[in-house]
Amino acid sequence: MLIKNRPGWEMPESQATPEAAFLNRRSLLGAGVGLIASAALPQTAGAQAPPDPSLDLYPAKRNAAYTLDRPITEQDLAANYNNFYEFGTSKDVAAASKKLVTRPWTITVDGMVEKPFEIGIDDLVRKLPLEERLYRFRCVEAWAMAVPWTGIPLKDFVAFAKPLSAAKYIRFETFMNPRVAPGQSQRWYPWPYTEGLTIAEATNELPLLVTGIYGKPTPTQHGAPIRLITPWKYGFKSVKSVTKISFVAERPKTFWEGLQASEYGFWANVNPAVPHPRWSQASEQVLGTRERQPTQLFNGYAEQVAGLYKGLEGERLYV
Ligand SMILES: Nc1nc2c(c(=O)[nH]1)N[C@H]1C(S)=C(S)[C@@H](COP(=O)(O)O)O[C@H]1N2
Ligand SMILES: [Mo]
C-alpha cells in the first residue's frame, strides 16, 4: 500500500482561497516565468527544435457564432495556471510540460468504426478544416477563463472516423510516457488519463478537438498537439494530448471516476445549484480579475446542450 502525503485527487489548489491562488499567480508572473510559456516557443526540449509544421494554418478563421460575455483572459495567465497532472499537481507545470515531444504524433482511431486507422497530427489538421472559437472554460475547482481555441469540430472528426451504429460512446486517451511525464510514475493514479462522451454529446456542435490557442499552435501545457474542449462541462473532461480515440458500446471509466467517483462523475455538466461535495459551485473566480461571477447552468451553453439530457434525469448529470 502506498503512503502519500497529499492525495493528488483532492485538487489541492481548490483548498486555497481563490484570491490567494490568484495572488500566487501574480508573483509567479512577476518572476518572469510567463516568458517560458510563450506559444511561439518550440515544443521539444532541444535548443534548436524545428518550427511547428502546422504554423501556416494559424490564425484560423474565427466562427462568429460563439461570443463571450466577458473579456478574453490574458494569454500569459492562461498559459501559467494549468492542470496537467502528468507533469505535477501544481498549476505551475508549463516548464515541465516542455519535455513533451509533439512531433511525430500519431492518433489511433479504433473500436467500433468501419475501419480502424492511425493518422498523424499534420495529416489530420490538413484533412479537416480548423476554426477558431471563443469559449468560456470552467474548472471544477471554481476558477474560470475565456480563451480563443482553434480546432476541428468533434462532429466533423466523428463523421471522418465512420463509427458503426453500435458505437454509443467515445473514449479519449492521453499519451503514456513516465520518462517524459514524471507524474505518471505515481502509481496510485489510474494512468493513462482517459475521458469519455456519448456519441450524442460528441456530435453536438460544441465540442472541439483543439490544436491551437490564441491564434497559434497550442503550447504543451494546454495539451499539445491535440486535446478535447467541452465548454459546458467541468474542465477535467477536456482531456489533453490525446493519442487514442476509441468508439465503444459501453460507458468508459474515466481517470477521475477511477480516483474519486463520488466527486468527479462521468457527466460533469456545469451547474451552479449542485455543489461539489467539498465546495460550492454557485460562483467562479475569473482568472486575471478579483471578481467572482455567478456560475451559469451548462456554463452558459444550455441553448446548445440542454436537450442532450432529456430523459436522463435519474443520472448524476452535474457532478
Ligand atoms: N491529460 C490530462 N488532461 C487534462 C488534465 C490532466 O491533468 N491531464 N487536467 C484537466 C483539468 S482538471 C482542467 S481544468 C483542464 C485545464 O486545461 P488548461 O490547463 O489548458 O487550462 O485540463 C484537463 N485535461
Ligand atoms: Mo479542472
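Values below: every heavy atom of this structure, side chains too, minus hydrogens, waters and symmetry copies. As the structure lists them, so they are numbered: ligands from 1, and atoms in each ligand from 1.
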Handout entry: Cation-pi check, R136 onto Y301 ring (under 6.0 Å, within 45° of axis)
Key = yes

Practice task
Answer yes or no on whether K216 is positioned over the face of Y58, meaning its NZ or CZ is under 6.0 Å from the six-membered ring centre and within 45° of the axis.
Solution key: no

What do you reckon, does [X] put a non-hydrogen atom under 4.0 Å from ligand 1?
X: E195; result: no
X: G223; result: no
X: M145; result: yes

May I ask you to list the atoms of ligand 1 that are less than 4.0 angstrom from any heavy atom of [X]?
X: T174; value: 1 (N)
X: F236; value: 10 (C), 11 (C), 12 (S)
X: C139; value: 14 (S)
X: V239; value: 3 (N), 24 (N)

Problem - Residue pairs fulfilling side chain to side chain donor-acceptor pair (under 3.5 Å) with at least one residue in residues 164-183, sequence neighbours excluded - result: R171-E173

Exercise for the section: Look at E263 together with R278 and state whether they make a salt bridge at an N to O cut-off of under 4.0 Å. Expected result: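 Salt bridge flag = yes for R278 with E263.
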
Handout entry: Lys/Arg N to Asp/Glu carboxylate O, E284 vs R138, below 4.0 Å
Key =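 Between R138 and E284 there is a salt bridge, with a charged N closer than 4.0 Å to a carboxylate O.
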
Fill in the blank from the handout: In terms of its nearest heavy atom to atom 15 (C) of ligand 1, the top option of Y85, F137, F84, Y234 is F137

Problem - Winner among H222, Q184, K91, E141 once heavy atoms are compared against atom 20 (O) of ligand 1 - result: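 Nearest heavy atom to atom 20 (O) of ligand 1 lies in H222.
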
Problem - Spatial distance of atom CG (L297) from atom CH2 (W232) [nearest 0.5 Å] - result: 13.0 Å

Backbone or side chain, does any N or O of [X] fall under 3.5 Å from an N or O of ligand 1?
X: N82; value: yes
X: W149; value: no
X: S238; value: yes

Completion exercise
Short version for K237: what comes under 4.0 Å of ligand 1, heavy atoms counted, is neither

Exercise for the section: Using only heavy-atom distances, determine whether the side chains of Y193 and W256 contain a donor-acceptor pair under 3.5 Å. Expected result: yes

Exercise for the section: Among residues two or more places apart or on two chains, list those pairs meeting ring-ring contact (aromatic ring centres under 6.0 Å, His included) that have a residue in residues 93-122. Expected result: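 Applying ring-ring contact (aromatic ring centres under 6.0 Å, His included) to every pair that reaches into residues 93-122, excluding sequence neighbours, yields F117-F160.
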
Practice task
Using the six-membered ring wherever Trp is involved, compare the ring planes of Y189 and Y85 and label them parallel, tilted or perpendicular (cut-offs 30° and 60°).
Solution key: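 Perpendicular, since the angle between the ring planes exceeds 60°.
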
